[in-house]
Amino acid sequence: MEAAALLAWKASLDNQSQSLLSSWVVGSNHCNWIGIGCNKAGKLITHIDLESYGLRGTLSNLNFSSLPHLLSFDLTNNSVYGTIPSPIGSLWRLTHLSLSANRLSGTIPPEIGQLSYLKTLELHENKIGGSIPYEIGLLLSLIELTLNSNNLTGSIPASMGNLVNLTTLHLYENHLSGSIPEEVGMLRSLTDLELDTNYLTGSIPASIGNLAALTTLQLYRNHLSGSIPKEVGMLISLIDLELNTNNLTGSIPTSIGNLANLTTLYLYDNHLSGSIPKEVGMLRSLIDLELNTNNLTGSIPTSIGNLVNLTTLYLHRNQLYGSIPEEIGMLRSLIDLALYGNNLTGTIPASIGNLVYLTSLYLYENHLSGSIPEEVGMLRSLVDLELSTNNLRGAIPTSIGNLAKLTTLYLFENHLSGSIPKEVGMIRSLVDLELSTNSLTSAIPASIGNLANLTTLYLFENHLSGSIPEEVGMLRSLVDLKLSTNSLTGAIPASIGNLANLTTLYLFKNHLSGSIPEEVGMLRSLVDLELSTNSLTGPIPASIGNLGNLTTLYLHDNHLSGSIPKEVGMLRSLVDLELSTNSLTGAIPASIGNLANLTILYLFENHLSGSIPEEVGMLRSLVDLELSTNSLTGAIPASIGNLANLTTLYLHENHISGSIPEEVGMLRSLVDLKLSTNSLTGAIPASIGNLANLTTLYLHENHLSGCIPEEVGMLRSLVDLKLSINSLEGAIPASIGNLDNLTTLYLHDNHLSGSIPEEVGMLRSLVDLELSTNSLTGAIPASIGNLANLTTLYLYENHLSGSIPEEVGMLRSLVDLELSTNSLTGAIPASIRNLANLTTLYLFENHLSGSIPEEVGMLSSLIVLDLSVNNLTGSIPSFAKSKFQTSALDFMVPSIVENQITLLDLKVGILHSKEIKTLILLTVEPCLRILELWSACTTESVKCHGLCVPEEVL
């Protein structure tokens, strides 16, 4: 019966598995079969041990009821798949069941609880899901239970507390949830409890303190919360305690000091607070202490110096303060010390030099001060030294040259001064050297050329001077070289061409001179080349075209001359090309159209000439195109409409002519368009209304004609619109009222006619409105009073009529109001008194009548007031006399000819004008508009409107 059951199961396995069980044949003694063990009588099968036989198949065809005498069943490390059959519960004599390291799925059958003699149950490393059955608590003889590394869900059953003989419980690496049951504390025989890497929540039960035999407790990588129970201190057999990567809060219990056998303590990646208890110093067996990435405060306890066996000390990423204790130098076994990311102050203790086995020293991101101790040079095992981002001062000690094994040296972001010691060149294992963002001075030592393994050299943001040493060219392993933002002078050495592995070269913001060496073209691995903001001269070398991997080329802000070489078009990986602010001449090469990946092209502020090449339209990845401030001529190419990703187009300050192409309207991503200060003619294309994302539109200072298209009103994102100094005609379109984000509207110096549309009052974000020097007619619309943010209103030099609307007084942010040289009539509105921020009020050359309102005297910020050449009557109001006396206002003295003001009032004004620096005489004569009081007349008298007023009168 037993042999038949096994042969039937063999037949269900795959062919290769059957061949591995070749001894299993009908008629042979089954007790001699491979993997089969029988009782002493040699008849009954008691053991099946097929561990690591490479078997592939399921258990569904194994008749367990035919194996009633089986004591041990081990299929560990095979490829058994499918589910664990429920009839396995019929193996009632079984003491050892191991199905681990297979591909089993499904759930643990509750019938497993029938195996009452079972001592070992190993189901780990499968794909078993579902919950742990409650019936597992019936296995009272169980000593070892390993269900780890499966897909188990649900909570840990409380019935597990019945397993009083259990020594090993492994449930780690599942998807278990819920809290750890209190009943775990009943497992008093337990030596190894591993529940890590699950989704367990709640607090660690205090009952865990009952597990006096426990040597290993691993609860890490869960979502446990609450504090660490003080009862942990009762686990006096504990060797390994790992509670890291949870949500534990509160302080570290002082009872932890009782764990005299502890070698590993991992509490990192929690939310623990409070100070590190001094009792930690009682853990004299401790080898690995990791408390990092918490919210621990206070100082590092001096008792830590007692931990003479410690090899790893991680306290980083906390809020520890105070100094590093001298006692740290007593940790003579220490290999790895990480205190970074705290608020530590004071100096680095000289005793650190005692740590002769130290390979890693991480003190960065603190507030350490003082100098780097010479004793650092005694750490001859050191591989990684990181002291960056502190307040360290003084010189880099020459003893650093003793650290022959050092591969990483980070001293950046400190206040180190003095020169880079030549002894740095003795650290021949160095791979990464970062001394940036300090106050280092003098030259880069030539000995740096000895560092043949160096891949990264960062010396940027210091005060280094002198030339770049030729020896830099010996660093043939170098990948990343950053010497930017120093005071380096001289030429870029030709030897730099030897750095065949270099991907990044930053020399920007220095005082380098001379030409860019041809040898730069040998750096074929280069990805990022930044030589900007120097004093480089000469042409851009044609050899730059060899840099096929280059994505960034910054040569801007130099004195480069000559033309842009056509070889630039060979840089097909280029993303960002910035050649601006040089003295480049000649045409933009057509080959630039090859740069299909280019997103940024800056050629502005050069002396480039010729037309913009049609090939620019092939740069379909382009986001930012700035060709402004050159001498470019010809028309804007229609091909520019292909640049669908373009957000910025700056062509201003050139000599571009012709019309704005309709294709501009295809640039639907455009945010910023500046075509100003050119010689553009023709109409503004209606297609401009398609640019829905446009915030800035500058077309001013051209020769544009025709009307402002209604479609401008479709630019609802527009913030800044400048169409001034052109030859635009027709009316201001009412659709302009749609631009509710507009802050600046410049339409001045055109030939616009018609009235100011009421819709202007809808521009409630408007700050600056300039419509001056046009042929606008009609009244100023009352709706203008809605513009609460307006600071500047220029309507002068038009043909506006009607009265100044009372609503002007609602413009409480207004600073500058200029309505002069129009045909305005009626009185100055009293509401003008509300304009408390007004500094300039120009109403001259109108037909205003009535008296000057007393309310003008309430404009306390007013500096300039010009009411001349109107039909104002009455006397100078009392406020004016007061203003003269306090000299708070350079009052515009009214002409005795142009306004009907009495001579007596004029004299009163002059009599108190001694402190006035400027008198603006409001007469028809332009030459007397502004009169410098102390320079325009003799020392004896001041000439006022053709009359000499004796100085003593003044």
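Judged as a side chain to side chain contact (heavy atoms under 4.5 Å, CB included), and not counting sequence neighbours, the contacts of T345 are H367. Residues forming a side chain to side chain contact (heavy atoms under 4.5 Å, CB included) with K230 (at least two apart in sequence, or on another chain): P253, S255. Residues passing the ring-ring contact (aromatic ring centres under 6.0 Å, His included) test with F64: none are found, sequence neighbours excluded. The salt bridge (charged side-chain N to carboxylate O under 4.0 Å, His left out) check on E365 picks up R317, with sequence neighbours excluded. Taking L7 as the reference, W24, V26, W33 meet the side chain to side chain contact (heavy atoms under 4.5 Å, CB included) condition, with sequence neighbours excluded.
A donor-acceptor pair is defined here as one N or O able to donate and one able to accept, closer than 3.5 Å; such a pair exists between the side chain of N174 and the backbone of N150. Formation of a donor-acceptor pair under 3.5 Å by the D49 side chain with backbone atoms of G35 is not found in this model. Side-chain atoms of T407 come within 3.5 Å of backbone N or O of V383 as a donor-acceptor pair. Although no hydrogens or angles enter the test, the distance criterion places no donor-acceptor pair under 3.5 Å between the side chain of N102 and the main chain of L104. Side-chain N or O atoms of S477 include none that pairs as donor or acceptor with a backbone N or O of T455 at under 3.5 Å. A donor-acceptor pair under 3.5 Å is formed between the side chain of N246 and the backbone N or O of N244. R93 places no side-chain N or O within donor-acceptor distance of the main-chain N or O of Y117, the cut-off being under 3.5 Å. Side chain of N151 to main chain of I128: no donor-acceptor pair is present (N/O by atom type, distance under 3.5 Å, no hydrogens or angles). Remark: side-chain polar atoms of Q18 are paired, donor with acceptor, to backbone N or O of L13 under 3.5 angstrom. At least one donor-acceptor pair closer than 3.5 Å links the side chain of T95 to the backbone N or O of L71.
The ring pair (Phe, Tyr, Trp, His ring centres under 6.0 Å) analysis of residues 201-227, with sequence neighbours excluded, yields the pairs Y199-H223. Residue pairs meeting the side-chain hydrogen bond (donor to acceptor under 3.5 Å, both in side chains) criterion with at least one partner in residues 159-170, sequence neighbours excluded, are H170-D192, H170-E194. Identified under the disulfide (SG to SG under 2.5 Å) test for residues 94-141, with sequence neighbours left out: none. Within the structure, disulfide (SG to SG under 2.5 Å) contacts touching residues 150-268 (residues at least two apart or in different chains) do not occur. Judged as a disulfide (SG to SG under 2.5 Å), not a single pair has a partner in residues 73-190 (not counting sequence neighbours). Note on residues 200-212: pairs passing side-chain hydrogen bond (donor to acceptor under 3.5 Å, both in side chains), not counting sequence neighbours, are E182-S207. The disulfide (SG to SG under 2.5 Å) analysis of residues 13-84, with sequence neighbours excluded, yields the pairs C31-C38.
For the atom pair CD1 (I48) and NE2 (H96), the distance works out to 12.0 Å, reported to the nearest 0.5 Å. Atoms OH and CG, on Y314 and D336 in that order, are 3.5 Å from each other to the nearest 0.5 Å. How far OG of S227 is from CD1 of I252: 12.0 Å, rounded to the nearest 0.5 Å. Distance CG/N318 to CD1/I276: 6.5 Å, rounded to 0.5 Å. Note that CG of L217 and CD1 of I208 are 4.5 Å apart. Values are rounded to the nearest 0.5 Å. In this structure, L235 CG and L193 CG are separated by 10.0 Å, a value rounded to the nearest 0.5 Å.
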Checking L337 against L331 for the side-chain contact (heavy atoms from CB on, under 4.5 Å) test, could you report, in this order, the C-alpha distance in whole Å, the side-chain angles of both residues, the deciding distance, and whether it holds?
CA-CA 10 Å; L337 174 59; L331 304 177; 5.9 Å; no
side-chain contact (heavy atoms from CB on, under 4.5 Å) assessment of N354 paired with R332:
CA-CA 7 Å; N354 298 333; R332 294 178 183 266; 3.8 Å; yes
Should T58 and Y81 be marked as a side-chain contact (heavy atoms from CB on, under 4.5 Å) after you check the CA-CA gap, both sets of side-chain angles, and the distance that decides it?
CA-CA 5 Å; T58 70; Y81 57 93; 3.3 Å; yes
Starting from the C-alpha separation in whole Å, work towards a yes-or-no answer on side-chain contact (heavy atoms from CB on, under 4.5 Å) for L406 and L385.
CA-CA 7 Å; L406 203 65; L385 174 58; 3.9 Å; yes
For the pair T76 and E51, evaluate side-chain hydrogen bond (donor to acceptor under 3.5 Å, both in side chains) and give the outcome as yes or no after the intermediate values.
CA-CA 5 Å; T76 300; E51 180 180 353; 4.9 Å; no
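I204 places a side-chain heavy atom less than 4.5 Å from the side chain of L248. Side chains of D240 and Q218 form a contact here, defined as non-hydrogen atoms less than 4.5 Å apart. Taking 4.5 Å as the limit, every side-chain heavy atom of L139 sits out of range of all side-chain heavy atoms of L145. Counting only heavy atoms from C-beta outward, the side chains of I112 and E135 never approach each other to under 4.5 Å. Within the 4.5 Å cutoff, the side chain of N390 has no heavy atoms near those of the I348 side chain. Side-chain contact between M330 and V308: absent, with no pair of heavy atoms (C-beta onward) separated by less than 4.5 Å. With a 4.5 Å cut-off on side-chain heavy atoms, R56 and R103 count as touching. For the pair E122/E144, a side-chain contact is recorded, criterion being any heavy-atom separation below 4.5 Å from C-beta on.
Side-chain atoms of S65 and S90 form no donor-acceptor pair, as typed in the model, at a separation below 3.5 Å. Between the side chains of D384 and Y362, at least one donor N or O lies within less than 3.5 Å of an accepting N or O. A side-chain donor-acceptor contact under 3.5 Å links E173 and S149.
Looking at every heavy atom in both residues, I136 comes nearest to L163 through O-CD2, 3.6 Å. Between L59 and F73 the shortest heavy-atom distance is CD2-CZ, 4.3 Å. Shown here for L361 and L379, the closest heavy-atom pair between the two residues is CD2-CD1, 4.2 Å. Of all heavy-atom pairs spanning P229 and A206, the tightest one is CB-CA, 4.3 Å. Across N342 and Q319, no two heavy atoms sit closer than the pair OD1-N, 3.3 Å. Across every non-hydrogen atom of S28 and S23, the tightest pair is OG-O, 3.7 Å.
Results of the side-chain contact (heavy atoms from CB on, under 4.5 Å) test with N222 over T245, L243, N198 single out N198 as the only residue that passes.
Heavy atoms of other residues, nucleotides or ligands lying less than 6.0 angstrom from CD1 of I236 number 12 at most.
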